[in-house]
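These notes concern the structure reproduced below.
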Amino acid sequence: MMKKILILAMAVMLIVTAAGCKKKTAEAPAAEVKAALSIEPGAKIKLGLDNDLWGAAVVELWNKTYPEYAGIVEYTNFGSAGGVDQIGLLQGEAPDVSLVIDGEVLRQVQSLATLPSAIANVASRVAQEPFYSNINKSRALYVPVAYDGMTFAWNKTMVEALGVDTKDADGDGLPDAFDTWEEIFAWSASLKTRPQFKGKDVNIVFPMSLGNQWSYYSSFTSSGWQIFAEGDPVKPGFDKDSFKASLEFLQAASKANISVEANGAKTPGASMGWRWDDFLNAEISPFGLVGTWMDVNGAEAATTSDFKFSRMPTWKGNQLSPLVKTKGLVINGFTKFPLAAAELLKLMLTKEGMQAMIDNSSYIPALRKGAPTAPDYSKDINKQEMSAGFAFNYPEPSMSLPNNPAQAAMNVYYNILIEQSYYGVWDGTRTPSDAQAEIVKNADAWIQENNK
């Protein structure tokens, strides 16, 4: 007991000293994360990530940093989606430290450990807002480490081959010739015959994925609308004029023929599912969206094309905004070795720990500008461009229904088959007003049924 007290006292002294030294102020968070190591005798802990290379790199970093405790950390591919629910189901059999998606955390707060104050203090200062505070309102449970979302992308090699000017006078990463959807739609509509690239017809200008609500969301922001903009979990805002105007954007995209079949007929809305992987790997279109989990560098090596990333083009002066979430780390509330688990999480939050993520995955760190724990990815231009693009994305709301905390408010968007309502707008079989009325009706019914 005396030994633990002495170790704790030394750790506190180190933190106070670092905070009081003006020359080290910028390094204080990193110093705090690396506080004195203190773990349970005989500890064996498991790390759950969704990337094997990253997992192996963290284990190697642990063994190198703490050779006296080498071998106590092992990695398992846990999968971030649904990870929080698995912690609740598996309890002590689940990993001690896991990567999870932010919006899932509040469903299983009872299964997660409160983060030690040393970790919470650092995370609250270096993590990108509002992703930290949105989840940790009642107690510190979650540390966001990486963005989970999509950014606008364009195939520079294809665009230039099709004769489109790529001059970027304002330096925002988006060429002047297509920094608005008005310009993209006008160019698409002007294509009397479909151009070819690498011997294939380019039938798609932008592979809008109507059947995937999450990636389609950016189209709803084309007139300035955002879901739950009022901060009220029972008012998604589908009744607003700006939402109706976003359906008119879809109508304009359809009239511009941004997606047609080989015979020139418009692609049916119901068949426009997830097509973003084909944009990157099969080069089906000059413009698209690319996710943080996609292997951009691998696609460039395979296709020999140069992909660029930026904010999305505007429509009538409005900036389109894809949804973005974060993936982050939690400690299993049922862990048998909470001290060892905390030390592993601390190590993963250091600059070296974040570098292990950058060097061994496609993830982009969700850190504040100038964070002392920020890794170096100055040589990866793709990650730099994608990171800049995320400044324009919309954080996916993580609110719960007031009378049913287990139900995420965002499920009103995902569970009412909203795509069935707007397919007809694309196909030309229904008006934006009709589609809006149906969406409002379905959303109201869903909230009434689930908010009990």
Side-chain angles (χ1 to χ4, degrees), residues 149-154 172-189 204-230 236-259 266-267 269 272 274-276 279 285-290 309-324 389-397 410 413-414 418-428 430-440 443:
M150 306 189 82
T151 56
F152 184 71
W154 51 284
D172 66 351
L174 196 56
D176 306 331
F178 50 87
D179 56 9
T180 71
W181 285 103
E182 286 89 340
E183 291 167 316
I184 293 176
F185 290 170
W187 178 70
S188 178
I204 302 170
V205 172
F206 181 71
M208 189 178 283
S209 296
L210 274 65
N212 181 264
Q213 308 103 323
W214 185 67
S215 66
Y216 179 77
Y217 178 85
S218 61
S219 294
F220 285 135
T221 71
S222 56
S223 295
W225 183 85
Q226 296 286 7
I227 196 166
F228 296 116
E230 298 177 16
F238 295 126
D239 56 338
K240 294 183 177 297
D241 290 342
S242 55
F243 183 78
K244 176 186 173 183
S246 74
L247 295 168
E248 294 167 356
F249 168 79
L250 175 62
Q251 195 174 51
S254 174
K255 291 179 179 179
N257 291 325
I258 66 166
S259 183
K266 185 186 307 179
T267 305
M272 294 167 66
W274 184 271
R275 298 188 288 176
W276 309 118
F279 159 75
S285 63
F287 310 112
L289 294 176
V290 168
F309 308 91
S310 67
R311 65 173 177 84
M312 293 192 76
T314 60
W315 172 254
K316 296 184 178 179
N318 296 296
Q319 177 62 61
L320 273 69
S321 305
L323 287 172
V324 63
F390 280 123
F392 300 91
N393 285 31
Y394 184 67
E396 182 169 320
M410 269 300 291
Y413 178 70
Y414 295 120
I418 193 170
E419 69 278 9
Q420 299 292 333
S421 298
Y422 60 69
Y423 280 156
V425 176
W426 169 270
D427 293 336
R430 72 186 319 180
T431 67
S433 294
D434 288 342
Q436 180 186 31
E438 184 172 90
I439 292 169
V440 169

Next item on the list: Pick out which of Phe249, Phe178, Phe206 makes a ring-ring contact (aromatic ring centres under 6.0 Å, His included) with Phe185.
Entry: Phe249
Notebook entry, point to check: Which residues satisfy the side chain to side chain contact (heavy atoms under 4.5 Å, CB included) test with Asp241, sequence neighbours excluded?
Noted result: none
Margin query: For the backbone of Glu183 and the side chain of Thr180, can you confirm whether one donor and one acceptor N or O come within less than 3.5 Å of each other?
Written below: yes
Note to self: Using 30° and 60° as the class boundaries, would you call the ring planes of Phe287 and Trp187 parallel, tilted or perpendicular?
What the structure shows: perpendicular
Checklist line | Counterpart residues, salt bridge (Lys or Arg N to Asp or Glu O under 4.0 Å), relative to Glu182 (two or more places apart) | finding: none
Notebook entry, point to check: With Tyr413, which residues qualify under ring pair (Phe, Tyr, Trp, His ring centres under 6.0 Å), at least two apart?
Noted result: Tyr217
Check: To the nearest 0.5 Å, what is the distance between CG (Leu323) and CD1 (Ile227)?
Finding: 8.0 Å
Margin query: Can you give me the closest heavy-atom contact between Ile184 and Val205, atom names plus distance?
Written below: CG2-CG1, 3.9 Å
Next item on the list: Answer whether the closest heavy-atom distance between the side chains of Trp154 and Pro286 falls below 4.5 Å.
Entry: no
Item checked: Tyr216: partners by ring pair (Phe, Tyr, Trp, His ring centres under 6.0 Å), with sequence neighbours left out -> Phe220, Tyr422
Next item on the list: Output, in order, the C-alpha distance, side-chain angles, deciding distance and verdict of side chain to side chain contact (heavy atoms under 4.5 Å, CB included) for Ser421 and Glu438.
Entry: CA-CA 7 Å; Ser421 298; Glu438 184 172 90; 2.7 Å; yes
Notebook entry, point to check: So, for Arg430 and Gln420, which heavy atoms are closest and what is the spacing to 0.1 Å?
Noted result: NH1-O, 4.1 Å
Notebook entry, point to check: Of the non-hydrogen atoms in Gly288 and Phe279, which two are nearest, and what is the gap between them?
Noted result: N-CE1, 3.6 Å
Checklist line | Distance (rounded to the nearest 0.5 Å) between Ile439 CD1 and Leu247 CG | finding: 5.5 Å
Next item on the list: With rounding to the nearest 0.5 Å, note down the distance linking CD in Gln251 to OG in Ser246.
Entry: 11.5 Å
Margin query: Measuring only between side-chain heavy atoms, which start at C-beta, is Leu174 closer than 4.5 Å to Arg311?
Written below: yes
Next item on the list: Evaluate the side-chain proximity of Leu320 to Trp315: yes if any heavy-atom separation is below 4.5 Å, no if none is.
Entry: yes
Notebook entry, point to check: Are the side chains of Lys266 and Trp426 in touch, meaning some heavy atoms are under 4.5 Å apart?
Noted result: yes
Check: How many angstroms lie between CE in Met208 and OG in Ser259, if you round to the nearest 0.5 Å?
Finding: 9.5 Å
Item checked: Contacts of Pro322 that satisfy side chain to side chain contact (heavy atoms under 4.5 Å, CB included) - sequence neighbours left out -> Ser218, Met312, Asn393
Next item on the list: Heavy atoms only: give me the nearest Ser215-Trp276 pair and the separation to one decimal.
Entry: OG-NE1, 2.9 Å
Note to self: Looking at every heavy atom in both Val425 and Ala435, which two are closest together, and how far apart are they?
What the structure shows: CG2-CB, 3.7 Å
Checklist line | Contact check, side chains of Asp179 and Pro313, non-hydrogen atoms, under 4.5 Å | finding: no
Next item on the list: Indicate whether the side chain of Thr314 and that of Gln319 have a donor and an acceptor atom separated by less than 3.5 Å.
Entry: no
Check: Is it true that a side-chain atom of Thr151 and a backbone atom of Gly149 form a donor plus acceptor pair closer than 3.5 Å?
Finding: no
Next item on the list: To the nearest 0.5 Å, tell me how far Leu289 CG sits from Phe309 CZ.
Entry: 11.0 Å
Margin query: When you compare the side chains of Ser223 and Lys316, does any donor N or O come within less than 3.5 Å of an acceptor on the partner?
Written below: no
Next item on the list: Before giving the answer on side chain to side chain contact (heavy atoms under 4.5 Å, CB included), spell out for Thr221 and Ser321 the whole-Å C-alpha distance, their side-chain angles and the decisive distance to 0.1 Å.
Entry: CA-CA 6 Å; Thr221 71; Ser321 305; 4.2 Å; yes
Note to self: Within the 4.5 Å heavy-atom criterion, are Pro236 and Phe238 side-chain neighbours or not?
What the structure shows: yes
Note to self: Go through it in stages, so that I can follow the logic: the residues are Tyr414 and Trp214, the test is ring-ring contact (aromatic ring centres under 6.0 Å, His included), and I'd like the CA-CA distance, side-chain angles, deciding distance and then a yes or no.
What the structure shows: CA-CA 8 Å; Tyr414 295 120; Trp214 185 67; 8.3 Å; no
Checklist line | Any residue meeting salt bridge (Lys or Arg N to Asp or Glu O under 4.0 Å) with Glu248, in chain and number order, not counting sequence neighbours | finding: none
Checklist line | Non-hydrogen side-chain atoms of Glu419 and Asn212 separated by less than 4.5 Å | finding: no
Check: From Arg275 CZ over to Ser285 OG, what is the distance, rounded to the nearest 0.5 angstrom?
Finding: 8.0 Å
Notebook entry, point to check: Are any non-hydrogen side-chain atoms of Leu250 and Ser219 less than 4.5 angstrom apart?
Noted result: no
